[in-house]
Amino acid sequence: MTVQAALVHEVTAAELGDEPGGKKRRLREKHAGGRKSYGMFWCIVPFLILVFLFSYFPLYGWIYALFDYKPALGLSGSEFVGLQWFEMLVSSPTQMTQIGQVLVNTLAISFLGIATSVLPLVFAVFLNEVRTPWFRNAVQTLTTLPNFISWVLVYMIAFSLFSSTGLVNSILTDSGLITAPIKFLDTDQHVWVTMTLWSIWKGLGWGAIIYLAAIAGIDQSLYESARIDGAGRFQTMWYITIPQLMPTYLVLLLLSVANLLNNGMEQYFVFQNAFNKEHIQVLDLYVYNIGITGNSLSMATAIGMLKSVISVILLFTVNTIAKRVRGTSIV
Amino acid sequence: MSTVTAGVQRRHAGDWIFTIINYGVFLLLVFLCAYPFYFLIINSVSANDVSALGDVRWWPIGFHLGNYKEVFHLEGLPLAAVVSLGRTVIGTAATVLASAFLGFMFTQSKMWARQFWYRFVIVTMYFSAGLIPVFIIMKTLGLTNNFWVYVLPFIVQPFFIILVKTYVESMPESLQEAAEVDGANIVQIFFRVYLPNMTPILATVAIFSAVAQWNSFQDTLIYITDQSLYTLQYLLYMFINQANSLAQAAQNSGGDMSSIISAATSQTPTSIRMTVSVIVVLPIIFIYPLFQRFFVKGIMLGAVKG
């Protein structure tokens with residue numbers, strides 16, 4: 001998802017910003033004399049209604065955060081409680097500790113993700129040094145495969161390799177290294193690290209694709225002139241390839257900062273169990289757990305609402321920074 | 001000739017070491033990414049009592065295909081396969097058509113308030129009301145426990161619309177002008193002229209949305225309680241987590257109690273999990289290499305121009 005977002009940025013920058021691709025069309029628009037077509041608009045109305053229903057209309061649901069919403073009673077039957085839920089978030093010590101832990105988890109996992117976000121770049125730079133075409137293609141194909149399976153299947157793989165009767169424990173026991181199986185999955189230790197490792201396993205090869213695309217776009221004459229100047233392999237990597245990839249990397253980095261609170265819930269949901277719950281609950285999962293499982297719909301709405309607002313603020317902040325630094329916006 | 005090569009080698013001894021390490025690291029990465037899939041496959045066709053112990057490592061032991069026959073007698077699995085396939089086919093078709101149409105329409109500068117509506121659609125990428133309000137809206141719209149919850153929210157995908165729009169903008173405008181001269185209206189122009197010429201980008205959109213549909217798990221989890229609407233992914237998740245009911249399912253699917261079932265072929269929780277996993281992952285393994293070329297190109301067409 002992050003890479004998708006990343007691929008988007010360049011395009012959206014163009015579309016929503018100065019729209020270089022539309023220049024020709026804008027000119028034509030002028031020549032056409034600006035007669036507007038309502039017929040064309042009516043053609044897309046059904047789709048606009050879908051967008052409204054699934055993206056805009058739910059915003060109205062934020063008022064549930066002001067009620068003690070009971071699904072059985074409906075909104076009209078539920079009691080209006082004002083900002084009670086928001087006050088509870090900060091006033092009740094137990095709630096505070098819980099939310100605090102959830103926030104720590106969210107930020108820790110996000111920061112580990114950001115810290116390791118350089119890996120796809122490194123992967124691409126080194127893969128670019130592989131000169132055997134079939135080997136390159138094989139590497140690219142096989143390492144992107146995990147990106148295309150669901151988190152449920154990732155968990156299934158984790159389970160079959162690392163459960164107490166799984167492959168790893170069976171190998172370790174057979175070789176006499178351990179006597180009792182190691183609980184890789186049912187433990188609260190290193191949860192953040194293992195979650196990051198699974199994310200890397202799933203996303204590394206895929207994440208490298210955008211950098212490989214960027215590398216393919218580097219002007220070859222840069223390399224030629226460097227070689228004439230006597231630059232070796234590492235020097236061209238260090239002084240040409242990597243600097244050329246930096247703009248792409250920075251944009252991805254900024255986007256991941258904007259997504260600091262949005263880790264999604266699927267990965268953590270499938271990996272959560274009674275043992276690792278304390279450290280695996282990120283905000284998105286927490287909202288699900290208290291809202292859908294725990295039936296505190298209003299509380300969950302309040303938390304989700306705060307999360308959305310902070311995320312949008314982060315996005316705009318990051319966008320402003322990007323504008324200052326790079327001269328183009330990412331949104 | 002050989003002296004020249006030797007000279008090159010001497011000069012770049014470091015190069016050789018680098019090359020070897022580089023290939024070695026990539027081999028290791030390939031192994032880490034590919035082996036788990038291989039592991040699932042060999043275990044699903046191995047003797048079930050051996051695979052339950054985690055002893056099948058490099059090749060199948062006690063090869064048999066009985067698991068695949070048995071697993072389709074599991075309660076709910078054939079139906080889940082139909083639901084998964086159905087949402088993938090219908091959902092993908094709807095998403096591709098909508099993306100193509102909207103991507104094309106948003107290039108039409110004559111359309112009333114085009115920029116505004118384009119932004120109206122695109123900004124939805126960047127905000128979300130959150131899980132609970134969306135859940136409540138779905139409930140209000142009667143989409144919980146409804147097959148269409150798998151399709152309707154997926155139809156308009158801003159990301160795909162951007163890809164298509166960018167692609168259409170790179171096509172020659174004379175296409176449209178010629179069709180206009182011939183008196184075609186906008187819908188005809190779209191279906192007759194543009195749609196047939198958008199194949200590369202539509203293949204990209206199709207593969208992405210098909211994979212997303214096939215892999216989707218969260219929507220079943222949140223919106224569906226009706227067992228007849230469970231997907232394969234959801235069933236697999238339940239199979240991983242419900243060891244007890246799985247043991248029971250294994251017994252039930254064994255069927256005829258009078259027949260002698262050997263330990264090697266009778267279902268175990270492990271064999272069920274592995275076999276269902278393979279069924280879930282096989283379509284992806286087959287389709288993915290065929291389409292990889294397409295979508296890498298498609299992504300570049302759409303994204304690199306910025």
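Protein chains get the first letters and strands the later ones, always in sequence-line order, with residue 1 at the start of each.
- Side-chain contact check for Thr19(B) and Arg131(A): no donor-acceptor pair (N or O, by modelled atom type) lies under 3.5 Å.
- For Val280(B), the parts lying near chain A are the backbone and the side chain together; criterion is any non-hydrogen pair under 4.5 Å.
- Heavy-atom distances place the side chain of Leu143(B), and not its backbone, under 4.5 Å from chain A.
- Of the listed residues (Thr143(A), Leu53(A), Ile63(A)), the one with the most heavy-atom contacts under 4.5 Å to chain B is Thr143(A).
- In plain terms, the two heavy atoms of Phe148(A) and Ile284(B) that are nearest each other are O-CD1, 2.9 Å.
- Only the side chain of Phe159(A) comes within contact range of chain B, with heavy atoms under 4.5 Å apart.
- Closest heavy-atom contact between Ala98(B) and Phe47(A): CB-CE2, 3.5 Å.
- With a 4.5 Å cut-off on non-hydrogen atoms, Tyr64(A) touches chain B through its side chain but not through its backbone.
- Here Thr132(A) is the residue among Asn262(A), Thr132(A), Asp284(A), Leu204(A) with the most heavy-atom pairs under 4.5 Å with chain B.
- Between the side chain of Tyr60(A) and the backbone N or O of Pro133(B) there is no donor-acceptor pair closer than 3.5 Å.
- For Leu127(A), the parts lying near chain B are the backbone and the side chain together; criterion is any non-hydrogen pair under 4.5 Å.
- Nearest approach of Ile186(B) to Met40(A), heavy atoms of both residues: CD1-CE, 3.6 Å.
- If you tally non-hydrogen atom pairs under 4.5 Å between each of Pro36(B), Pro153(B), Ala34(B), Gly130(B) and chain A, the highest count goes to Pro153(B).
- Across Val121(B), Val281(B), Leu102(B), the residue that shares the most heavy-atom pairs under 4.5 angstrom with chain A is Leu102(B).
- Of the listed residues (Leu142(A), Ile149(A), Leu153(A)), just one forms a side chain to side chain contact (heavy atoms under 4.5 Å, CB included) with Phe37(B), and that residue is Ile149(A).
- A donor-acceptor pair shorter than 3.5 Å cannot be found between the side chains of Ser311(A) and Tyr126(B).
- Contact of Leu221(B) with chain A is made through backbone and side chain together, with heavy-atom distances under 4.5 Å.
- Listed options Thr165(A), Leu48(A), Leu161(A) were ranked by heavy-atom pairs under 4.5 angstrom with chain B; first place goes to Leu48(A).
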Kindly indicate, with the supporting measurements, whether the criterion side-chain contact (heavy atoms from CB on, under 4.5 Å) is fulfilled by Val139(A) and Leu29(B).
CA-CA 8 Å; Val139(A) 169; Leu29(B) 285 175; over 6 Å; no
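- If you measure heavy-atom distances from Asp174(A) to chain B, the contacts under 4.5 Å come from the side chain alone.
- In summary, the aromatic rings of Trp151(A) and Phe217(B) are positioned with their centroids too far apart to meet the 6.0 Å limit.
- Contact check for Met156(A) versus Tyr237(B): no side-chain heavy atoms found under the 4.5 Å cut-off.
- Interface remark: Val312(A) contributes side-chain atoms only to the contact with chain B (heavy atom separation under 4.5 Å).
- Within the 4.5 angstrom heavy-atom criterion, atoms from both the backbone and the side chain of Met111(B) approach chain A.
- Looking at Thr301(A), the atoms closer than 4.5 Å to chain B (heavy atoms on both sides) sit in the backbone and in the side chain alike.
- Contact check for Gln108(B) versus Ser37(A): no side-chain heavy atoms found under the 4.5 Å cut-off.
- Taking the six-membered ring wherever Trp is involved, the centroid distance between the rings of Phe126(A) and Phe26(B) does not fall below 6.0 Å.
- For the options Gly291(A), Pro146(A), Gly304(A), Gly217(A), heavy-atom pairs under 4.5 Å to chain B are most numerous at Pro146(A).
- If you tally non-hydrogen atom pairs under 4.5 Å between each of Trp42(A), Phe135(A), Tyr155(A) and chain B, the highest count goes to Phe135(A).
- Only the side chain of Tyr69(A) comes within contact range of chain B, with at least one heavy atom under 4.5 Å from a heavy atom of that chain.
- For Tyr223(B), no part sits under 4.5 Å from any heavy atom of chain A, backbone or side chain.
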Might you work through the side-chain contact (heavy atoms from CB on, under 4.5 Å) test for Phe54(A) and Val134(B), ending with a clear yes or no?
CA-CA 7 Å; Phe54(A) 296 120; Val134(B) 174; 6.0 Å; no
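- Of the atoms belonging to Phe18(B), it is side-chain heavy atoms, and not backbone ones, that fall under 4.5 Å from chain A.
- In this structure, Phe57(A) and Thr140(B) have side chains that are not in contact, with every pair of non-hydrogen atoms separated by 4.5 Å or more.
- Only the side chain of Leu50(A) comes within less than 4.5 Å of a heavy atom in chain B; its backbone stays farther off.
- Residues Ile132(B) and Ile292(A) have side chains in contact (heavy-atom distance under 4.5 Å, counting atoms from C-beta outward).
- Taking the side chain as every heavy atom from C-beta outward, Pro58(A) and Met138(B) never approach each other to under 4.5 Å.
- Ranking Val56(B), Ile285(B), Leu236(B) against chain A, the residue ahead of the rest is Leu236(B), based on heavy-atom pairs under 4.5 Å.
- Interface summary for chain A: among Val211(B), Leu141(B), Asn22(B), Val25(B), the most heavy-atom pairs under 4.5 angstrom belong to Asn22(B).
- The part of Phe234(A) that comes within reach of chain B is its side chain, from C-beta onward, which places non-hydrogen atoms under 4.5 angstrom from that chain.
- Rounding to the nearest 0.5 Å gives a distance of 11.5 Å between SG of Cys33(B) and NZ of Lys202(A).
- At a 4.5 Å heavy-atom cutoff, Ile303(A) makes no contact with chain B through either its backbone or its side chain.
- Residues Phe39(B) and Leu167(A) form a side-chain contact, since some pair of their non-hydrogen atoms from C-beta on lies under 4.5 Å apart.
- Looking only at side-chain heavy atoms (C-beta outward), Ser160(A) and Arg273(B) stay at 4.5 Å or farther from each other.
- By the 4.5 Å heavy-atom criterion applied to side chains, Tyr56(A) and Phe127(B) are counted as neighbours.
- For Leu152(B), the parts lying under 4.5 angstrom from a heavy atom of chain A are both the backbone and the side chain.
- At least one donor-acceptor pair closer than 3.5 Å links the side chain of Ser308(A) to the backbone N or O of Ser128(B).
- Ranking Glu266(A), Met265(A), Glu129(A) against chain B, the residue ahead of the rest is Glu266(A), based on heavy-atom pairs under 4.5 Å.
- Proximity to chain B (any heavy atom under 4.5 Å) is shown, for Thr293(A), by neither the backbone nor the side chain.
- Aromatic pair Phe135(B)/Tyr288(A): ring centres not closer than 6.0 Å.
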